[in-house]
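Working notes for the structure below.
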Amino acid sequence: MLVSATEMLNKAVAGKYAVGQFNIYNLEWTKAILQTAQENNSPVILGVSEGAGKYMTGFKTVAAMVKAMMEELNITVPVALHLDHGTYEGCYKCIEAGFSSVMFDGSHFPIEENIAKTSELVKVCHEKGISIEAEVGSIGGEEDGVVGAGEIADPEECKKIADLGVDFLAAGIGNIHGKYPANWKGLDFDALAKTKELIGDLPLVLHGGTGIPADMIQTAISLGVAKINVNTECQLYFQEATRKYIEEGKDLQGKGFDPRKLLAPGTEAIKVIVKEKMELFGSIDKA
Ligand code: 13P
């Protein structure tokens with residue numbers, strides 16, 4: 001059964017660890033992440049962008065697949081199915097489709113509009129037991145067509161959005177989606193500490209988890225980050241393993257062209273990186 005992400009993230013704040021959000025694209029990715037969570041007794045959040053939702057033929061298909069898969073695989077660790085960077089309309093679609101968590105990314109709206117739309121969605125989500133993430137200060141880089149410049153969120157604005165009753169909050173602290181450029185300045189821990197001071201125990205979310213050095217991840221967790229989103233790194237692991245399989249000519253040997261064989265190395269590679277992240281985030285045995 002899917003659960004909202006509220007309880008697992010509140011526990012993470014109290015226990016000073018973080019729960020990973022890993023994005024899914026198809027059956028193989030979903031299976032790899034669910035199995036890794038179960039094998040490591042870790043809570044997990046499956047992230048679905050609007051683009052990936054469309055790719056998988058719609059949020060209803062995604063929710064049905066995840067729920068059925070959890071049942072068939074006997075997944076007992078807490079799993080949240082979460083809309084990643086949702087639009088206002090996308091949030092409503094996911095609420096209807098059976099997601100247990102949504103992110104409303106109103107960071108590109110003027111603060112007043114972000115507040116109005118977030119308040120409305122908080123009410124609707126909470127009536128249904130669904131958790132909701134909001135964002136202040138757009139995350140840099142490009143993700144599924146959503147482009148941001150990598151702002152540092154204003155702690156006062158974070159407080160305003162936190163007070164609307166959201167369950168966890170993404171605050172831009174210089175993090176970006178995708179690979180970090182060589183001249184990246186690193187995370188702004190002063191901004192993070194100020195935000196934390198104002199919002200108290202509300203779990204903070206760190207987007208753009210790919211490529212952030214381990215020591216920065218640990219500092220971020222010590223300052224209240226309880227959810228870390230990782231996507232590109234899983235894509236790169238999947239791609240490298242798949243490339244290797246083909247470059248070694250394995251698809252040409254025997255029945256190596258069978259999609260179950262062709263996609264197996266990439267799927268195994270996702271399990272490796274997800275486990276590594278769970279170890280780094282400290283979520284193993286926290287189910
Ligand atoms: P990365 O692709 O940089 O890991 O970011 C993932 C993310 O923040 C999803 O919302």
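Both counts, for ligands and for their atoms, begin at 1 and track the order of listing. Worth saying up front: this structure is predicted, and the values here are computed from it rather than measured.
Other residues, nucleotides and ligands place no more than 12 heavy atoms under 6.0 Å from the CD atom of E197. Under a cut-off of 6.0 angstrom, the local environment of CG in D215 is crowded, with over 12 non-hydrogen atoms contributed by other residues, nucleotides or ligands.
Each of the following atoms of ligand 1 lies closer than 4.0 Å to a heavy atom of H85: 10 (O). Numbered from 1 in the order shown, with element, the atoms of ligand 1 that lie under 4.0 Å from a heavy atom of H207 read 8 (O), 10 (O). Listed by atom number, the atoms of ligand 1 under 4.0 Å from G209 heavy atoms are 4 (O), 5 (O). Set against the non-hydrogen atoms of G178, the atoms of ligand 1 under 4.0 Å away are 1 (P), 2 (O), 3 (O). The contact set between ligand 1 and N231, taken as ligand atoms under 4.0 Å from a residue heavy atom, comprises 1 (P), 2 (O), 4 (O), 6 (C). Heavy-atom proximity to T232, at under 4.0 Å, picks out these atoms of ligand 1: 1 (P), 2 (O), 3 (O), 4 (O). Applying the 4.0 Å criterion to heavy atoms of H177 picks out, from ligand 1, the atoms 3 (O), 5 (O), 6 (C), 7 (C), 8 (O), 9 (C), 10 (O). Close approach to V230 involves these atoms of ligand 1, each under 4.0 Å from a residue heavy atom: 4 (O).
With ring centers used as reference points, Y55 lies 6.0 Å or more from Y25.
Looking at G47, S49, G208, A170, it is G208 that brings a heavy atom closest to atom 8 (O) of ligand 1.
With sequence neighbours excluded, the residues forming a salt bridge (Lys or Arg N to Asp or Glu O under 4.0 Å) with K117 are E113, listed by chain and number.
Ion pair K194/D190 not flagged as a salt bridge, since none of the NZ, NE, NH1 or NH2 atoms sits closer than 4.0 Å to an Asp/Glu carboxylate oxygen.
When non-hydrogen atoms are compared, ligand 1 lies under 4.0 Å from the side chain of D84 (C-beta onward) but not from its backbone.
Placement of L236 and I270 in two distinct hydrophobic clusters is found when ILVMFWY residues are connected by side-chain heavy-atom separations under 4.5 Å, directly or transitively. Under the 4.5 Å side-chain contact rule for hydrophobic residues, I246 and F238 do not share a cluster.
Within the 4.0 Å heavy-atom cutoff, E233 does not count among the residues contacting ligand 1.
Residue C91 holds its SG atom at 12.0 Å from NE2 of H85, rounded to the nearest 0.5 Å.
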